[in-house]
Amino acid sequence: MSSNEATTPPGSTGAADPATPGRPAADRITSRDVARAAGVSQAAVSLVLGDKWRGRVSPGKAEAVRAAARELGYRPNLAARSLRMGRTRTVLLVVPALTTEFFARVYTGAARVAAEHGFGVVLYPSPEGIGPARDPFDSAAATLDGVIASSMAAEALTALRAADLPLVMLDSDPDDDRATATVNLDIADGVRQLTGHLAALGHRRITHLAADVRSWTFEVRARAVREALSQVPGVRLRRLPAALGVDAGLHAAHTALTGPGPRPTALLCDDDIIAAGACKAVRRLGLRVPEDVSVTGFDDLALAVAVEPELTTVRLPAEEFGEAGMRALIAALDGRPAQAPTLPVELVTRGSTAPPDAPESAARPGGR
């Protein structure tokens, strides 16, 4: 019997198996049971469930093994497998913060793919935000198989990189060769879609409420805003920094709307949270969204449909993002080339944008 089989020691009373609540240890399903049900060898079961069957086991037999494992409720002994393979089957996901559900969605996608391959994911919000992230373990190398970092700079991960573990960066500079692989969202295209939408509506006085955060993704947004609007004749673009928060968005928008010169007709915000604060500032000044000022966000958080009117924003596929990152890391761990895709994003047009000085605005109920 192979080392990863569950056995019942001589004299066992058949006590409950802690790995499978309610099932006596003597009744635990083993790979031998799966092999018998599928009509294959135990070696074939190991190859199929370890995702190393291609070219060694026929597709029909591979499917028979997976079906038998599902029907029998087989659960491999991951502790024994880890000892045999020299792996912990654990991955660290580092994020700047847990203040929005974006990173929770990234985790959900990463954990889904990890579970399919017998890995667990530890979520680690860096206590310093995008700054240096300490090693949360005494030795990451002894505890982890690899690291995924979302929206972090590679230099912020020096302590973790010292462990010489595979590192997949999400939403980070693709030219940084310190990462094993980099998976990105097409942020620049999202900005182009957003600025194109505002320009098509007729907006020419636009203020960019830019996230006051030093990171690659926000640098890309700022550059894309400038480049896209430089192609539109007559645009007057102003940039105001804002921290990532509703209050910061409110204060930045208030400054933009009350400053000298013509009032902007659109506030282009680097994320939905800043945009929510901008909407509050518009209303507190006795103005209306979108009749007097259009407001846009970025990310498409739950907040985007919680405000009224709902936000025009750019939807980022966060779960798919996490899935792609985990697939890249697993490929690297298996010695395969890690795919580094750039995932498409989507403009979502809602009620917070309209043509400037729309003539129909006066007819709205209550003047809103």
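In this chain, numbering begins with 1 at the start of the sequence shown.
Across all their heavy atoms, Val183 and Phe321 have their closest contact at O-CE1, 3.3 Å. Contact detail for Ala276 and Val307: the closest heavy-atom pair is CB-CG1, 4.2 Å. Nearest heavy atom pair, residue Pro264 against residue Leu257, reads CG-CD2, 4.0 Å. Here the closest non-hydrogen pair linking Met169 and Ala179 is CG-CB, 3.3 Å. Closest approach of Val295 to Ala278, counting heavy atoms only: CG1-CB, 4.1 Å. Taking each heavy atom of Asp186 and Val345 in turn, the nearest pair found is O-CG2, 3.4 Å.
The side chain to side chain contact (heavy atoms under 4.5 Å, CB included) search around Thr258 returns His254, Leu285, not counting sequence neighbours. Here Arg226 pairs with Ala222, Arg223, Leu237 under the side chain to side chain contact (heavy atoms under 4.5 Å, CB included) rule; sequence neighbours left out. Under the rule for a salt bridge (Lys or Arg N to Asp or Glu O under 4.0 Å), the partners of Arg192 that lie at least two apart in sequence or sit in another chain are Asp189. Listed by chain and residue number, Thr353 satisfy the side-chain hydrogen bond (donor to acceptor under 3.5 Å, both in side chains) test with His197 (two or more places apart in sequence, or in another chain). Remark: Arg204 engages no residue in a salt bridge (Lys or Arg N to Asp or Glu O under 4.0 Å) (not counting sequence neighbours).
Side-chain contact between Pro174 and Trp216 is present, with heavy atoms from C-beta onward closer than 4.5 Å. With a 4.5 Å cut-off on side-chain heavy atoms, Tyr124 and Leu93 do not count as touching.
Following chains of ILVMFWY side-chain contacts shorter than 4.5 Å, one can reach Leu123 starting from Val121, so the two form part of one hydrophobic cluster. Under the 4.5 Å side-chain heavy-atom criterion for ILVMFWY residues, no single connected hydrophobic cluster contains both Val348 and Val191. Leu240 is connected to Val213 through a chain of hydrophobic side-chain contacts under 4.5 Å among Ile, Leu, Val, Met, Phe, Trp and Tyr, so both are in one cluster. Taking hydrophobic clusters as Ile, Leu, Val, Met, Phe, Trp and Tyr residues chained together by side-chain heavy-atom distances below 4.5 Å, Leu201 does not share a cluster with Val282. A single hydrophobic cluster is not seen to contain both Leu244 and Leu250; linkage of ILVMFWY side chains at heavy-atom distances under 4.5 Å, directly or through other members, places them apart.
No more than 12 heavy atoms of other residues, nucleotides or ligands lie within 6.0 Å of CD in Gln339, so this atom counts as exposed by the packing criterion. Other residues, nucleotides and ligands contribute only 12 or fewer heavy atoms inside 6.0 Å of the CZ atom of Arg236.
For residues 111-125, the set of pairs meeting the salt bridge (Lys or Arg N to Asp or Glu O under 4.0 Å) definition, not counting sequence neighbours, comprises Arg112-Glu319, Arg112-Glu323.
Taking CG of Leu92 as the reference point, atom OG1 of Thr90 lies at 9.5 Å (rounded to 0.5 Å). The CE atom of Met326 sits 9.5 Å away from the CG atom of Leu170 when rounded to the nearest 0.5 Å. Here Leu267 contributes atom CG and Leu209 contributes atom CG; the two are 5.0 Å apart, rounded to the nearest 0.5 Å. Of the inter-residue distances, the one linking Arg315 atom CZ with Leu301 atom CG reads 11.5 Å to the nearest 0.5 angstrom. The OG1 atom of Thr195 lies 10.5 Å from the NE2 atom of His208; values are rounded to the nearest 0.5 Å. Considering CG of Leu329 and CG of Leu167, their distance stands at 8.5 Å, rounded to 0.5 Å.
No donor-acceptor distance shorter than 3.5 angstrom exists from the side chain of Thr312 to the backbone of Thr296, with no hydrogens or angles considered. Using modelled atom types, no side-chain atom of Asp176 and backbone atom of Asp173 make a donor-acceptor pair closer than 3.5 Å. One N or O on the side chain of Asp271 and one on the backbone of Ile273 form a donor-acceptor pair closer than 3.5 Å. Judged purely by atom type and a 3.5 angstrom limit, Asp145 uses its side chain to pair as donor or acceptor with the backbone of Arg89. A donor-acceptor distance shorter than 3.5 angstrom exists from the side chain of Asn184 to the backbone of Ser172, with no hydrogens or angles considered. Judged by distance alone, the side chain of Asp272 and the main-chain N or O of Phe298 form a donor-acceptor pair under 3.5 Å. Under the 3.5 Å distance criterion, the side-chain polar atoms of Thr265 are matched with a main-chain donor or acceptor of Arg205. Judged by distance alone, the side chain of Asp171 and the main-chain N or O of Ser151 form no donor-acceptor pair under 3.5 Å. In this structure, the side chain of Glu101 engages the main chain of Ala302 through a donor-acceptor pair within 3.5 Å. The closest donor-acceptor contact from the side chain of Ser352 to the backbone of Pro309 lies at 3.5 Å or more, if one exists at all.
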Please evaluate residues Arg288 and Glu308 with respect to the criterion salt bridge (charged side-chain N to carboxylate O under 4.0 Å, His left out), reporting the C-alpha separation (whole Å), side-chain torsions for both, the decisive distance (0.1 Å), and the verdict. CA-CA 11 Å; Arg288 300 163 298 172; Glu308 183 61 39; over 6 Å; no
Run the side chain to side chain contact (heavy atoms under 4.5 Å, CB included) check on Thr207 and Leu268 step by step: do they pass? CA-CA 6 Å; Thr207 295; Leu268 191 156; over 6 Å; no
Does the side chain to side chain contact (heavy atoms under 4.5 Å, CB included) test come out yes or no for Val34 and Val40, once each step is laid out? CA-CA 8 Å; Val34 176; Val40 300; over 6 Å; no
Apply side chain to side chain contact (heavy atoms under 4.5 Å, CB included) to Val106 and Val95, showing your working. CA-CA 9 Å; Val106 170; Val95 299; 5.6 Å; no
Stepwise, does the side chain to side chain contact (heavy atoms under 4.5 Å, CB included) test hold for Ser230 with Val235? CA-CA 7 Å; Ser230 70; Val235 165; over 6 Å; no
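Classification of Arg350 and Asp300 as a salt-bridged pair holds, one side-chain N sitting under 4.0 Å from a carboxylate O. Salt bridge annotation for Arg221-Glu227: absent, with no cationic side-chain nitrogen under 4.0 angstrom from a carboxylate oxygen.
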